[in-house]
Amino acid sequence: MSWTDERVQRLKELWSQGLSASEIADMLGDITRNAVIGKAHRLGLSGRPSPIKKKPSRGATILALTERMCKWPVGDPKHQDFHFCGKQALPGLPYCAEHAALAYQPSSSSKKARDEDRSSGDRSVGVA
DNA sequence: CCCTGATTCGC
DNA sequence: GCGAATCAGG
């Protein structure tokens, strides 16, 4: 599949819209995200106002998150220290693996529930 | 492990 | 020029 003018147009359009390479690749079809990025780079793109919060000097996007960003409030919402985890959120969950584990902890869990049950439930005096 | 974009290397 | 591979990072 060669890059036709239409495809390049679509690429640039979607890219500028903030879509991720994988998304664009998926839309165009028959192409991987690498191809999209590669073409984008050749076109002179790569520096689009993407949802990337930091400035990737080179090599890798420090926070390559767009949609699956971990939305875990860290610090204080009223303090400058307030920031989101930004890590890879689990598919389906708004948090990353770490915070998802924290958020989805098995409630308070009855750690003493069984203890109570045992003392009260086991009262056979010896009827039979 | 998942995903992100960037750069590099082979065809 | 194209695209896979690799790199780098949370």
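All chains are named by letter (A, B, ...) in the order of the sequence lines, taking the proteins before the strands, and each is independently numbered beginning at 1.
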Chemist: Testing the basics here: between Ile37(A) and Ala21(A), what is the closest heavy-atom pair and its distance to 0.1 Å?
Modeler: CG1-CB, 3.3 Å
Chemist: Which pair of heavy atoms, one from Ala35(A) and one from Trp3(A), lies closest together, and at what distance?
Modeler: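 Closest approach of Ala35(A) to Trp3(A): O-CZ2, 3.9 Å.
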Chemist: For a quick test of reading the model: is some side-chain N or O of Ser22(A) closer than 4.0 Å to OP1 or OP2 of dC3(B)?
Modeler: no
Chemist: OH of Tyr95(A) versus C1' of dC2(B): gap in Å, rounded?
Modeler: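 So the two atoms are 19 Å apart, to the nearest Å.
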Chemist: Please give, in whole Å, the distance from dA8(C) C1' to Ile37(A) CD1?
Modeler: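 Roughly 13 Å, once rounded to whole Å.
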Chemist: Please give me the minimum heavy-atom distance between Leu11(A) and Ala40(A), naming the atom from each residue.
Modeler: CD2-N, 4.0 Å
Chemist: What is the separation between atom CD1 on Ile24(A) and atom P on dG3(C), rounded to the nearest whole Å?
Modeler: 14 Å
Chemist: With a 4.0 Å cutoff (strictly under), does any side-chain N or O of His41(A) reach OP1 or OP2 of dG5(B)?
Modeler: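 No, outside the criterion.
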Chemist: The side chain of Asn34(A) lies closest to which of these nucleotides: dA6(B), dA5(C), dG5(B)?
Modeler: dA5(C)
Chemist: Measure from the side-chain heavy atoms of Ala35(A) and tell me the nearest of dT4(B), dC2(C), dG3(C).
Modeler: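 Given the options dT4(B), dC2(C), dG3(C), the side chain of Ala35(A) is closest to dG3(C).
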Chemist: Just the rounded figure in Å: distance from P of dG5(B) to CG of Leu11(A).
Modeler: 12 Å
Chemist: So Leu19(A) and Met27(A), do their side chains get closer than 4.5 Å, heavy atoms only?
Modeler: yes
Chemist: Is it the case that dG3(C) (base atoms only) and Arg42(A) (side chain only) share a donor and an acceptor within less than 3.5 Å, ignoring hydrogens and angles?
Modeler: yes
Chemist: Once you round it to whole Å, what is the distance between P of dT7(B) and NZ of Lys39(A)?
Modeler: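 In whole Å, dT7(B) P and Lys39(A) NZ are 16 Å from each other.
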Chemist: Within the 4.0 Å heavy-atom criterion, would you say Thr32(A) contacts the bases, only the backbone, or no part of the nucleic acid?
Modeler: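 Answer is sugar-phosphate: Thr32(A) comes under 4.0 Å of backbone atoms only.
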Chemist: To the nearest angstrom, how far is Asp5(A) atom CG from dC2(C) atom P?
Modeler: 12 Å
Chemist: With respect to the phosphate group of dG3(C), does any side-chain polar atom (N or O) of Trp3(A) fall under 4.0 Å of OP1 or OP2?
Modeler: yes
Chemist: Measure CZ/Arg33(A) against C1'/dT6(C) and give the value in whole Å, please.
Modeler: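 Going from Arg33(A) (CZ) to dT6(C) (C1'), I get 11 Å.
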Chemist: Applying the side-chain hydrogen bond (donor to acceptor under 3.5 Å, both in side chains) test to Gln9(A), which of Arg7(A), Glu6(A), Lys12(A) qualifies?
Modeler: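 Only one of Arg7(A), Glu6(A), Lys12(A) forms a side-chain hydrogen bond (donor to acceptor under 3.5 Å, both in side chains) with Gln9(A), namely Lys12(A).
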